[in-house]
Amino acid sequence: MPSFSREEVRALYDQPLLPLLDEARRVHLSHHPDNEVQLCTLLSVKTGGCPEDCSYCPQSSHYDTGTNAEKMLDVEHVIASARRAKELGSTRFCMGAAWREVKDGPAFDRVVDMVKGVKDLGLEACVTLGMLDEKQAKKLADAGLDAYNHNLDTSREHYRSIIKTRTFDDRLRTLDNVRKAGITVCSGGIIGMGETADDRCEMLRTLANLEPQPESVPINALVPVEGTPLALQKPVDPLDLVRMIAVARILMPKSRVRLSAGRSSLSREAQMLCMLAGANSIFYGDKLLTTPNPDEDDDLALIRDAGLQAMPPRASAEAE
Ligand code: SAM
Ligand code: DTB
Ligand code: SF4
């Protein structure tokens, strides 16, 4: 099992971009020769009013962002959205709730029903609901859930300046509960939050040293949202995103690396470089959870022009 050192990861990250891309591409092609990009659709099933204070998040009740607490969606609405996503070509449906943690009761039971409904459509199902204990994870696994998204977001050190209401260890504990329940792990992070290159490397190192490694690694570029403490952050250099994806690809050869939030401010060229660096999934559909995402048609054109193809539904029944 890999156990990467700080120095090893930093040495990878510090390579000049083209040799780094060569290596990432080589690793990518030897583990993912199919040239496929998985399309995943996100839906916020419970928006806003979150008690956590994540500095990047429009859904935190600590900040005045214009995103307010809404009622939880009903199961029928969610299944109708999932059906639409499937018709448009998505093979994975990810449902998000602005919760600090899962609490047993009717709201959680409703999520369980949503998962069952999404699975009945033959889609992969992923949820992101905040912290979770082992019993709750087991309940989701029994409903057929394929993956649980819970991002580390940044390095252990930088974490405390981004989020004060929970710890990095809380995060790792939930990932452990998810893993023990037999659900695949989706965990990644965000760049553009004032972190250093060391923070970026440490985040990737923590993910890559998990045993087993996460099956899914979303790499987000901060979407700056007015009202959040990070609203005025300098936009990330797209080549930093490329670099981050390349290092993730090399450290986690088998994982699906997802080019996640932030694509609306990237050129087609930058997105293609991300795919060259090893990204083999995007969020598809004109909305992420609360912020915009590129139009479906533009994304299909991008994939076609890159000579790639959308992953067909065949693998959708099995977990990534
Ligand atoms: N409340 C749950 C949690 O925090 O795990 C689930 C929902 S939360 C919105 C899921 C992830 O979205 C966060 O971990 C973060 O990585 C990402 N995210 C939230 N706001 C973002 C933003 N403005 N830009 C980029 N990524 C963001
Ligand atoms: C992830 O890493 N990115 C997605 C998904 N996992 C849940 C969420 C991005 C959210 C971007 C801000 C918003 O739309 O609210
Ligand atoms: Fe809440 Fe998740 Fe947003 Fe943090 S990232 S404020 S936990 S919804």
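Ligands are counted one by one from 1 in listed order, and the atoms in each one are counted from 1 as well. Basis for what follows: all heavy atoms, side chains included, without hydrogens, waters or symmetry-related copies.
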Below 4.0 angstrom from a heavy atom of [X], which ligand 2 atoms are there? Numbered from 1 as shown, please.
X      : answer
Asn220 : 1 (C), 2 (O), 3 (N)
Asn151 : 1 (C), 2 (O)
Leu42  : 4 (C), 5 (C), 7 (C)
Pro218 : 2 (O)
Thr290 : 13 (C), 14 (O), 15 (O)

Does [X] have a non-hydrogen atom less than 4.0 Å from ligand 1?
X      : value
Cys54  : no
Ala97  : yes
Gly130 : yes

If we set the cut-off at 4.0 Å for heavy atoms, which region of [X] has an atom near ligand 1: side chain, backbone, both, or neither?
X      : answer
Ala221 : backbone
Thr228 : neither
Thr128 : both

- Item | Proximal atoms of ligand 1 relative to Leu289 (non-hydrogen, under 4.0 Å) |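 Listed by number with element: 9 (C).
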- Which ligand 1 atoms, with their elements, are less than 4.0 angstrom from a heavy-atom of Ala261?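 So the atoms of ligand 1 that pass are 25 (C).
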- In terms of side-chain geometry, is the basic nitrogen of Glu202 or Arg6 positioned less than 4.0 Å from the acidic oxygen of its partner? yes
- Message: Under 4.0 Å between a side-chain nitrogen and a carboxylate oxygen: does that hold for Arg173 and Asp170?
- Response: yes
- Is the closest heavy atom of Phe283 to ligand 2 under 4.0 Å? yes
- Message: Please determine whether any non-hydrogen atom of Pro58 lies less than 4.0 Å from an atom of ligand 2.
- Response: yes
- Message: Set out, in order, the CA-CA distance, both residues' side-chain angles and the distance that settles side chain to side chain donor-acceptor pair (under 3.5 Å) for Tyr13 and Arg200, then state yes or no.
- Response: CA-CA 9 Å; Tyr13 186 91; Arg200 291 176 183 176; 3.0 Å; yes
- What's the verdict on side chain to side chain donor-acceptor pair (under 3.5 Å) for Asp153 and Tyr56, showing C-alpha distance, side-chain angles and the deciding distance? CA-CA 10 Å; Asp153 281 333; Tyr56 47 77; 2.5 Å; yes
Output the distance between atom [atom1] ([X]) and atom [atom2] ([Y]), rounded to the nearest 0.5 Å.
X      : Y      : atom1 : atom2 : value
His77  : Ser81  : NE2   : OG    : 4.0 Å
Phe93  : Met114 : CZ    : CE    : 9.5 Å
Asp199 : Glu157 : CG    : CD    : 6.0 Å

Identify which of [options] has a heavy atom lying nearest to [atom].
atom                    : options                : value
atom 16 (O) of ligand 1 : Asp153, Ile162, Leu230 : Asp153
atom 18 (N) of ligand 1 : Tyr148, Tyr56, Trp99   : Tyr56
atom 8 (C) of ligand 2  : Leu289, Leu222, Ile190 : Leu289
atom 27 (C) of ligand 1 : Asn220, Val223, Ile190 : Ile190

- Item | Residue and atom name of the nearest protein heavy atom (relative to atom 12 (C) of ligand 2), distance in Å to one decimal |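 Checked against all protein heavy atoms, atom 12 (C) of ligand 2 sits closest to Thr291 OG1, 3.6 Å.
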- Query: When you measure from atom 7 (S) of ligand 3 to every protein heavy atom, which one gives the shortest distance, and what is it?
  - Reply: Arg166 NH1, 3.3 Å
How about [atom]: does it have a protein heavy atom within less than 4.0 Å?
atom                    : answer
atom 8 (S) of ligand 1  : no
atom 12 (O) of ligand 1 : no
atom 2 (Fe) of ligand 3 : no

- Query: Counting no waters, what protein N/O/S atoms lie under 2.8 Å from atom 1 (Fe) of ligand 3?
  - Reply: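 As for protein N, O or S atoms lying under 2.8 Å from atom 1 (Fe) of ligand 3, they are Cys50 SG.
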- Message: A quick test of your reading: do over 12 heavy atoms of other residues, nucleotides or ligands sit less than 6.0 Å from CG of Asp64?
- Response: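 It does not: Asp64 CG has 12 such atoms or fewer within range.
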- Query: Same hydrophobic cluster for Ile162 and Val225, using side-chain heavy-atom links shorter than 4.5 Å among ILVMFWY?
  - Reply: no
- Task: Find out whether the Lys NZ or Arg CZ of Arg171 is both under 6.0 angstrom from the six-membered ring centre of Tyr159 and within 45° of the ring's axis.
- Result: no
List the atom of [X], the atom of [Y], and the distance in Å for their closest heavy-atom pair.
X      : Y      : value
Thr184 : Asp146 : OG1-O, 2.7 Å
Ala279 : Leu259 : CB-CB, 3.9 Å
Met72  : Arg110 : O-NH1, 3.3 Å

- Non-hydrogen side-chain atoms of Thr47 and Leu289 separated by less than 4.5 Å: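 They are not in contact (no side-chain heavy atoms under 4.5 Å apart), so the answer is no.
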- Item | Close side-chain approach of Val178 to His150, heavy-atom, < 4.5 Å | no
- Qualifying residue for side-chain contact (heavy atoms from CB on, under 4.5 Å) with Phe283, from Ser90, Cys94, Pro294: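 The side-chain contact (heavy atoms from CB on, under 4.5 Å) with Phe283 is passed solely by Cys94 among Ser90, Cys94, Pro294.
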- Any idea which part of Asn149 is under 4.0 Å from ligand 2, heavy-atom wise: side chain, backbone, both or neither? side chain
- Which side chain to side chain donor-acceptor pair (under 3.5 Å) pairs, counting each pair once, include a residue from residues 295-308, with sequence neighbours left out? Arg263-Asp299, Arg268-Asp305
- Message: Determine whether Asn280 and Gln38 satisfy the following criterion, side chain to side chain donor-acceptor pair (under 3.5 Å), listing intermediate values before the conclusion.
- Response: CA-CA 6 Å; Asn280 54 356; Gln38 185 178 30; over 6 Å; no
- Query: Could an N or O of ligand 1 be found under 3.5 Å from any N or O of Arg171, whether backbone or side chain?
  - Reply: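 It does: an N or O of Arg171 is found under 3.5 Å from an N or O of ligand 1.
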- Are any of the N/O atoms in Asn151 less than 3.5 Å from those in ligand 1? yes
- Give me the ring orientation class for His32 and His28: parallel if the planes are under 30° apart, tilted from 30 to 60°, perpendicular past 60°.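 Parallel: the ring planes of His32 and His28 meet at under 30°.
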